[in-house]
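Working notes, beginning with the structure itself.
Every chain is numbered from 1 and lettered A, B, ... according to where its sequence line falls, protein lines coming before strand lines.
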Number of protein chains: 2
Amino acid sequence: MLESTLARNSTTPPYKSSCMTCSFRELCLPVGLEDEEIELLGKLINHKFKVRRGEFLLHAGSPFKSLYAVKNGFFKTSVLKADGRQQVTGFYMTGELLGLDAISLGKHAGDTVALDDSEVCEVPFNKLEEIGRSIPLLMSQFHKIMSREIVQDHSVMMLLGSMRAEERLTTFLLNLSDRLSKRGYSSTSFILRMTREEIGSYLGLKLETVSRSFSKLQEEGLITINNKHVTLNNIDALNRKIGDAVY
Amino acid sequence: MLESTLARNSTTPPYKSSCMTCSFRELCLPVGLEDEEIELLGKLINHKFKVRRGEFLLHAGSPFKSLYAVKNGFFKTSVLKADGRQQVTGFYMTGELLGLDAISLGKHAGDTVALDDSEVCEVPFNKLEEIGRSIPLLMSQFHKIMSREIVQDHSVMMLLGSMRAEERLTTFLLNLSDRLSKRGYSSTSFILRMTREEIGSYLGLKLETVSRSFSKLQEEGLITINNKHVTLNNIDALNRKIGDAVY
DNA sequence: CGGTGGCTTGATAGTCTTCAATACATGTGG
DNA sequence: CCACATGTATTGAAGACTATCAAGCCACCG
């Protein structure tokens with residue numbers, strides 16, 4: 001809190017806005033904007049803060065004021081089930097927007113927790129809507145991002161509704177691989193930031209089933225798994241594994 | 001096509017716009033708008049057409065140009081799975097917006113089919129974004145609708161990920177009941193517009209399991225089911241059935 | 001009124017969960 | 001820096017739930 005207040009009050013050096021210099025602007029809200037427009041957007045983001053591993057960014061029920069763009073790091077979102085346990089609804093990495101589900105009810109439906117030391121850019125939502133009126137492309141990009149969230153949720157629904165354990169896990173790994181490669185990381189070798197239980201919660205499986213499925217994929221030679229370190233040995237074969245899924 | 005062209009060219013009588021006279025404007029895009037603003041919105045909607053039971057409103061892959069507000073009737077949306085079969089992703093009734101998932105990719109991800117004789121209002125999306133700039137509340141309402149879609153998808157994900165057959169079906173029935181009552185219909189007695197197979201596809205179950213779950217709920221005295229006609233005999237008990245779901 | 005698609009119900013098989021025991025990893029305090 | 005504690009992961013065996021296969025029934029439409 002103190003830190004951010006200081007940051008806001010300190011005179012900004014003759015320096016491009018935060019969005020302008022962000023290496024991930026091609027993945028985030030600024031997509032397609034002119035330089036001056038990105039400057040404007042950057043001025044919205046007067047809070048930019050760190051969230052350490054295990055810390056909450058957002059609590060269920062807290063009032064909605066801002067969206068949060070992930071600058072770096074990794075987050076999970078979860079909602080509270082009737083029985084008191086959490087269900088993971090998504091994992092978020094660099095350039096992705098957190099808090100979209102809160103717009104409708106004016107409060108956050110679930111918790112958002114950092115799974116790795118992270119940094120986020122706070123985007124006050126009323127201001128985003130405000131400057132969106134003068135920057136049509138920004139508004140369009142925002143709509144595309146919301147729509148993308150819906151599309152992704154639909155594909156998760158498809159996964160949960162019609163795939164079995166191994167296929168779900170394979171889909172999950174390929175999705176991570178794809179998103180990581182878009183951000184300049186290896187598509188074949190990466191670290192899982194979440195636990196087996198969190199993966200299971202997201203995929204509608206018990207942690208033991210996740211573990212067994214990992215082992216099975218490894219036996220088949222498709223992946224190598226060592227604790228949290230995964231290597232995809234044959235992405236084509238993994239893709240075929242999903243495509244062939246005939247029920 | 002011909003019909004709509006005629007409609008557009010014909011001189012409109014001295015008459016309130018379509019949204020202004022629509023009895024469902026409190027459920028739709030006009031929520032919270034002033035009369036003049038609703039007039040403006042109404043002018044966007046120059047297409048308003050019928051879709052008969054079984055007919056397609058939208059085809060997977062077709063280019064995205066408009067959203068469609070359901071004026072009356074009932075729709076299902078579905079996406080094509082890798083194995084060539086369809087998975088139902090949602091059911092839509094009066095006042096709900098169709099096509100939100102197409103914004104991101106510029107084309108429709110799945111099919112939209114009428115399950116009952118229906119009527120929709122076509123909302124050209126570029127024009128919606130355009131007049132949204134001068135009507136902030138319209139834009140806000142649109143954002144809330146998109147966000148609501150995300151929230152709903154998350155609750156379906158929760159359902160698919162952690163509930164068993166009877167609980168899923170109960171949740172589904174209560175959801176229908178709630179939405180119908182908001183539209184002035186009975187919350188305890190209604191007709192299912194979809195088949196057991198479509199319900200199953202949506203809930204991640206086989207049609208036989210849906211049928212068995214219906215029978216089970218009936219044996220327990222919670223519902224009465226007669227083909228497509230359902231009566232909820234004890235909504236409180238049904239709610240408890242979900243709330244108690246401890247895994 | 002027959003046909004077709006939709007629905008119900010039974011028996012069996014497959015998949016995932018549950019319960020349980022063990023092993024491993026990480027991080028904290030001595 | 002090591003030891004221990006706790007959280008995390010693997011694996012086995014038994015049980016629960018849903019899918020599958022199959023037969024018959026029912027409703028609706030032409």
Side-chain angles (χ1 to χ4, degrees), chain A residues 52-55 76 81 83 85-88 113 115-117 159-170 172-173 191-220 223-230 241 245-247, chain B residues 52-54 76 81 83 85-88 113 115-117 159-170 172 191-220 223-230 241 245-247:
Chain A
R52 254 177 297 211
R53 186 154 81 96
E55 286 180 353
K76 73 164 177 186
K81 298 197 291 182
D83 64 356
R85 301 192 55 172
Q86 300 278 126
Q87 161 129 358
V88 173
V113 179
L115 295 182
D116 198 0
D117 291 349
L159 175 150
L160 292 171
S162 69
M163 288 184 170
R164 25 197 226 183
E166 254 181 85
E167 294 162 0
R168 293 186 198 187
L169 192 60
T170 302
F172 174 71
L173 290 174
I191 306 290
L192 298 169
R193 301 298 176 187
M194 68 296 282
T195 66
R196 303 287 189 265
E197 186 170 18
E198 286 161 342
I199 297 173
S201 176
Y202 182 61
L203 297 178
L205 302 169
K206 292 294 149 185
L207 70 93
E208 295 95 328
T209 307
V210 173
S211 183
R212 272 185 250 272
S213 299
F214 270 133
S215 302
K216 196 92 179 295
L217 289 174
Q218 182 162 236
E219 280 168 31
E220 296 170 22
I223 68 170
T224 305
I225 179 123
N226 209 312
N227 245 319
K228 305 240 178 189
H229 188 117
V230 199
K241 196 169 187 70
V246 177
Y247 240 58
Chain B
R52 255 177 297 212
R53 186 154 81 98
K76 73 164 178 184
K81 299 197 290 182
D83 63 358
R85 301 193 56 173
Q86 300 279 127
Q87 160 129 359
V88 173
V113 179
L115 294 184
D116 197 359
D117 292 347
L159 176 151
L160 292 170
S162 69
M163 288 184 171
R164 29 198 218 178
E166 253 181 86
E167 294 162 0
R168 293 186 199 188
L169 192 60
T170 302
F172 174 71
I191 306 289
L192 298 170
R193 301 298 175 185
M194 69 296 281
T195 66
R196 303 286 190 266
E197 185 169 18
E198 287 161 341
I199 296 173
S201 175
Y202 182 60
L203 297 179
L205 302 168
K206 292 294 150 184
L207 71 93
E208 295 94 330
T209 307
V210 173
S211 182
R212 271 186 251 273
S213 300
F214 271 133
S215 302
K216 197 93 179 295
L217 289 174
Q218 181 161 238
E219 280 169 31
E220 297 170 20
I223 70 169
T224 306
I225 178 124
N226 210 312
N227 247 322
K228 304 241 180 190
H229 188 116
V230 200
K241 196 168 187 71
V246 178
Y247 240 58

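Atom pair B:Leu169:CG and C:dT8:C1' shows a separation of 14 Å (rounding to whole Å applied). When rounded to the nearest whole Å, the span between NZ of B:Lys216 and C1' of C:dG10 equals 16 Å. With rounding to whole Å, B:Ile223 atom CD1 is found 14 Å from C:dT8 atom C1'.
From one end of the helix from C:dC1-D:dG30 to C:dG30-D:dC1 to the other, with five pairs defining each end axis, the axis direction shifts by 40° (rounded to 10°).
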Practice item. Start with the C-alpha distance between B:Met194 and B:Lys76, add both sets of side-chain angles, then the distance that settles side chain to side chain contact (heavy atoms under 4.5 Å, CB included), and finish with yes or no. Key: CA-CA 8 Å; B:Met194 69 296 281; B:Lys76 73 164 178 184; over 6 Å; no
Point to revise | CA sep, side-chain torsions, deciding dist, call: B:Val88, B:Glu197, side chain to side chain contact (heavy atoms under 4.5 Å, CB included) | key: CA-CA 10 Å; B:Val88 173; B:Glu197 185 169 18; over 6 Å; no
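Atom CD of residue B:Gln87 and atom OG of residue B:Ser201 lie 4.5 Å apart, to the nearest 0.5 angstrom. Atoms CZ and CD1, from A:Phe214 and A:Ile199 in turn, are 4.0 Å apart once rounded to the nearest 0.5 Å. To the nearest 0.5 angstrom, A:Leu217 atom CG is 9.0 Å from A:Ile225 atom CD1. Separation of atoms CD1 (B:Ile223) and OG1 (B:Thr170) is listed at 8.0 Å; rounding is to 0.5 Å.
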Exercise for review: Could you encode protein contacts along nucleotides 8-18 of chain D as a string, one character per nucleotide from 5' to 3', using B for base contact, S for sugar-phosphate-only contact and - for no contact, with a heavy-atom cut-off of under 4.0 Å?
Suggested key: -SBBBB---SS
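Side-chain N or O atoms of A:Arg193 include none that pairs as donor or acceptor with a backbone N or O of A:Asp116 at under 3.5 Å.
Looking at A:Leu115 and A:Arg53, their side chains never come closer than 4.5 Å, going by heavy atoms from C-beta outward.
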